[in-house]
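FYI, side chains are in, hydrogens and waters are out, and symmetry mates aren't considered; it's all heavy atoms of this structure. None of the values given here were measured: they were computed from a predicted structure. Lettering of chains follows the sequences in order, A, B, ..., and the numbering in each one begins at 1.
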4 protein chains.
Amino acid sequence: MRTPVIGVMGGSKATPTVTEMAHELGTLIAQHGWILLNGGRNSGVMAASAAGAKSAGGIVIGILPDTTRAKASPDLDVAILTGTGDGRNLFNVLSSDIVVACPGALGTLAEVVLALKHNKHVVLLGFDLGSDFDKFRNKRQLTHADTPGQAVDLIAAALNTAGA
Amino acid sequence: MRTPVIGVMGGSKATPTVTEMAHELGTLIAQHGWILLNGGRNSGVMAASAAGAKSAGGIVIGILPDTTRAKASPDLDVAILTGTGDGRNLFNVLSSDIVVACPGALGTLAEVVLALKHNKHVVLLGFDLGSDFDKFRNKRQLTHADTPGQAVDLIAAALNTAGA
Amino acid sequence: MRTPVIGVMGGSKATPTVTEMAHELGTLIAQHGWILLNGGRNSGVMAASAAGAKSAGGIVIGILPDTTRAKASPDLDVAILTGTGDGRNLFNVLSSDIVVACPGALGTLAEVVLALKHNKHVVLLGFDLGSDFDKFRNKRQLTHADTPGQAVDLIAAALNTAGA
Amino acid sequence: MRTPVIGVMGGSKATPTVTEMAHELGTLIAQHGWILLNGGRNSGVMAASAAGAKSAGGIVIGILPDTTRAKASPDLDVAILTGTGDGRNLFNVLSSDIVVACPGALGTLAEVVLALKHNKHVVLLGFDLGSDFDKFRNKRQLTHADTPGQAVDLIAAALNTAGA
């Protein structure tokens, strides 16, 4: 049984509320023994979720748009450097067993869409999307959480289903 | 003054109605003297829009997910082979001055989101998206057309604005 | 019969001699009716070969490492924007029927190696490589030209062989 | 002080001798406390080096050309899935602090060239390259080892130099 990889997506700019939420999410992911994977930059949801996971002794992998570590979070165990810019969003999604999206802008929305396309379960944490996505809600591929604790419960349930 | 490049996105599977619409759109793009750029495969909206443009003497560029021309439309003037799978969607968007999205599935939606993120004008042809996208409608970055003729008018207007 | 695409690789910095050679190569490629494909930037072998082809009325496609046209040669008919940095070297090679390498640095060498790996015929123009490449010389996949005229003869011969 | 990441490149097909060498190299990398990064497939140098590292309790990251884990080595701690084919070779190189190349074919040579281009120290293990690479030998960016033990000594020395 390999360790699940949980992808955490979200804005590179984040309000204090979202930052705190991403930090708690990272902490809980690490406490469950899962690997946290994100976009690796030292800003917004990426930095906060990495710091949270690290504070709980977890493993953090960042897949960066850059060719160097100059903008990498200091909390990464491994920085995957791609030099592909936004192209790395697809790698984040493909490499995650489950994707959690925190509030963000179009980059986050693109990752949600890519994740659904590649048959990943997506948890929306702290925000929701409109009726364009009802089809995925109805088959429970897309779920919604108000708190990091709820998100982690949804992750656990989705991992159980995938492993069944 | 370089020739504008119009990106045409849409499903690799298409109904007869959508296929006909994509063919007419390609024809009109070529008649306006614009270069048509799409995903290059010999199926759905890609094949139909390429065939339409070619029938009107236009230039067609396809950016393919593949490493070979095996699945390429015969109507391409140049096949850009990338071997990046869905990763090529970003290249399509970046390389287009204006993006027209015909009905499709999640791949098309991902391209719409990427196009908006990279500040491209997007015309939705024959379908619409929900309230998640109101922000882009309100600033006229996202517009809607019912017919290929309307789409081409919106393209022309957006090119004028961009060139101003 | 589609129009052959000839990839021209080489340094982004070039001596006057190499610049002149690349310009003449581009001119001859266009005069033969072939499409010229290169890395698209407005410098070195890329700029010179594009200008040569354009001066002879040819079609030039550039596959750029960038997300915008800011550094693109003004002589491109179509700029393929990828945002993948050096990652675009693979796309250049895959999209070319034949590859001509002008003198360059490690980027050019990497493209030669990738081209050989993907079974492309490679013409080295104005330089040569060492014994590591004898295997490809012996099966005539790798050839050497001293002048643009010779390079074009080798291209024509390789196209004939590939089309046979 | 973050943990160094050592990239191990080499053929997807390997002789028994090369397989044994790659396995021992992986073991030694893990025993030194370094993270092993490779191309992630369950064949050749990739599979052997991963198995070696895992047998010594190390951490193994694989960056795969694929969109799924179907061809992944069972010894990976994290599989980075890219769907970029050979395009992932660049990511391997960028993400490694030091690159060790075991005997391979053109893919391995391409990785050596890319690594040199991106200023990585490269250790050639069990083979050598010709005079095209003298420039990099002379400045000690390219070194040669006959055994995994020697390779690990060269890695340690290069890490010391880089960290100085």
Side-chain angles (χ1 to χ4, degrees), chain A residues 7 9-13 39 41 44 63-66 80 82-96 99 101-122 124 126-139 141-142 144, chain B residues 7 9-13 39 41 44 63-66 80 82-96 99 101-122 124 126-139 141-142 144:
Chain A
M9 313 300 155
S12 57
K13 295 175 186 173
R41 284 259 184 99
I63 304 183
L64 288 133
D66 312 303
I80 305 297
T82 68
T84 58
D86 285 351
R88 69 85 147 79
N89 292 358
L90 177 60
F91 315 152
N92 284 350
V93 160
L94 292 171
S95 304
S96 299
V99 169
C102 299
L106 287 168
T108 303
L109 180 55
E111 289 177 310
V112 169
V113 174
L114 286 171
L116 293 172
K117 180 169 191 230
H118 289 279
N119 298 312
K120 308 289 181 178
H121 186 99
V122 177
L124 303 178
F127 75 111
D128 212 342
L129 291 166
S131 56
D132 290 327
F133 296 89
D134 280 345
K135 173 182 163 191
F136 301 97
R137 277 191 196 89
N138 292 341
K139 58 175 177 173
Q141 191 188 341
L142 181 70
H144 169 84
Chain B
M9 314 298 156
S12 57
K13 295 176 187 173
R41 285 257 184 101
I63 305 183
L64 288 134
D66 312 303
I80 305 297
T82 68
T84 58
D86 284 351
R88 70 82 147 81
N89 293 358
L90 177 59
F91 315 152
N92 284 350
V93 160
L94 292 172
S95 305
S96 299
V99 169
C102 298
L106 287 167
T108 303
L109 180 55
E111 289 176 311
V112 168
V113 174
L114 286 171
L116 293 171
K117 180 169 191 230
H118 289 278
N119 298 313
K120 307 289 181 179
H121 185 99
V122 177
L124 304 177
F127 75 111
D128 212 340
L129 291 166
S131 56
D132 290 327
F133 296 88
D134 280 346
K135 172 182 164 192
F136 301 97
R137 276 191 197 90
N138 292 340
K139 58 175 176 174
Q141 193 188 340
L142 181 70
H144 169 84

Engineer: Step by step, work out the side-chain contact (heavy atoms from CB on, under 4.5 Å) result for B/Leu64 and B/Arg41.
Structural biologist: CA-CA 7 Å; B/Leu64 288 134; B/Arg41 285 257 184 101; 3.9 Å; yes
Engineer: Would a distance-only check, ignoring hydrogens and angles, find a side-chain to backbone donor-acceptor pair under 3.5 Å from A/Lys120 to A/Leu94?
Structural biologist: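 Looks like yes, one N/O pair under 3.5 Å.
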Engineer: Check whether any side-chain heavy atom of B/Glu111 sits under 4.5 Å from a side-chain heavy atom of B/Asn92, and report yes or no.
Structural biologist: yes
Engineer: Is B/Asp132 in contact with chain A via its backbone, its side chain, both, or neither, using a 4.5 Å heavy-atom distance?
Structural biologist: side chain
Engineer: With a 4.5 angstrom heavy-atom cut-off, is it the side chain or the backbone of B/Phe91 that approaches chain A, or both, or neither?
Structural biologist: neither
Engineer: Against chain A, label B/Leu90 side chain, backbone, both or neither, depending on which of its atoms sit under 4.5 Å from a heavy atom there.
Structural biologist: side chain
Engineer: Within a strict 4.5 Å, meaning less than it, do heavy atoms of the B/Val99 and B/Val112 side chains meet?
Structural biologist: no
Engineer: Which bit of B/Phe127 comes within less than 4.5 Å of chain A, counting heavy atoms only: side chain, backbone, both or neither?
Structural biologist: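 Neither part, no heavy atoms under 4.5 Å.
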